Amino acid sequence: MVSSGINAEYTSSGINAEYMGIIIVFRICQGETRVFLGNLPPEARVRDVEEFFDKYGRVRNVLIKHGKYGFAEFDDSRDAEDAVYDMHGKRLLGSRITVELAKGPRGGKEARRAPWI
């Protein structure tokens, strides 16, 4: 048997710790191109978000939910990471917004929806 050097302990949820390590490495290597936008001003429009991120590469898609938060999808994960690093806490139309890498769809009913929604 080949040892990976990771102790095969199980987490409180019963998932093998080595398996969890593989998942984490996969997510890091895969790269996230979606960015979460929090505290958007109510008057924010798709074009405003595109212009806000214009120096970070092409924004492929913008989704604004209930005028309070939204998502922007970049063509490249490095562009998304740069935008998060530089633009978190900056002002868009007078409001200081939250910019974070999106965490992905939730489990349950949400997991059956398209990943963008």
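These numbers come from a predicted model, not from an experiment.
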Val49 and its side-chain contact (heavy atoms from CB on, under 4.5 Å) partner, picked from Ile97, Leu37, Val35, Asp54
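Only match with Val49 under side-chain contact (heavy atoms from CB on, under 4.5 Å): Leu37.
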When rounded to the nearest 0.5 angstrom, what is the spacing between [atom1] in [X] and [atom2] in [Y]?
| X | Y | atom1 | atom2 | answer |
| --- | --- | --- | --- | --- |
| Asp79 | Lys55 | CG | NZ | 12.0 Å |
| Leu101 | Tyr85 | CG | OH | 14.0 Å |
| Arg58 | Phe53 | CZ | CZ | 15.0 Å |
| Met87 | Thr98 | CE | OG1 | 13.0 Å |
| Thr33 | Phe74 | OG1 | CZ | 9.5 Å |

Closest approach of [X] to [Y] (non-hydrogen atoms, all atoms of both residues):
| X | Y | value |
| --- | --- | --- |
| Gly70 | Leu40 | N-CD1, 3.7 Å |
| Glu32 | Ala80 | O-CB, 3.6 Å |
| Glu100 | Val84 | C-CG2, 3.7 Å |
| Val62 | Glu50 | CG2-CG, 4.0 Å |

Which residues pass the ring-ring contact (aromatic ring centres under 6.0 Å, His included) test with Tyr56, not counting sequence neighbours?
none
Quick one: does any side-chain atom of [X] pair with a main-chain N or O of [Y] as donor and acceptor, under 3.5 Å?
| X | Y | value |
| --- | --- | --- |
| His88 | Val99 | yes |
| Arg34 | Glu73 | no |
| Arg96 | Gly89 | yes |
| Arg45 | Asp48 | no |

Check this for me: does any side-chain nitrogen of one of Arg78 and Glu81 sit under 4.0 Å from a carboxylate oxygen of the other?
no
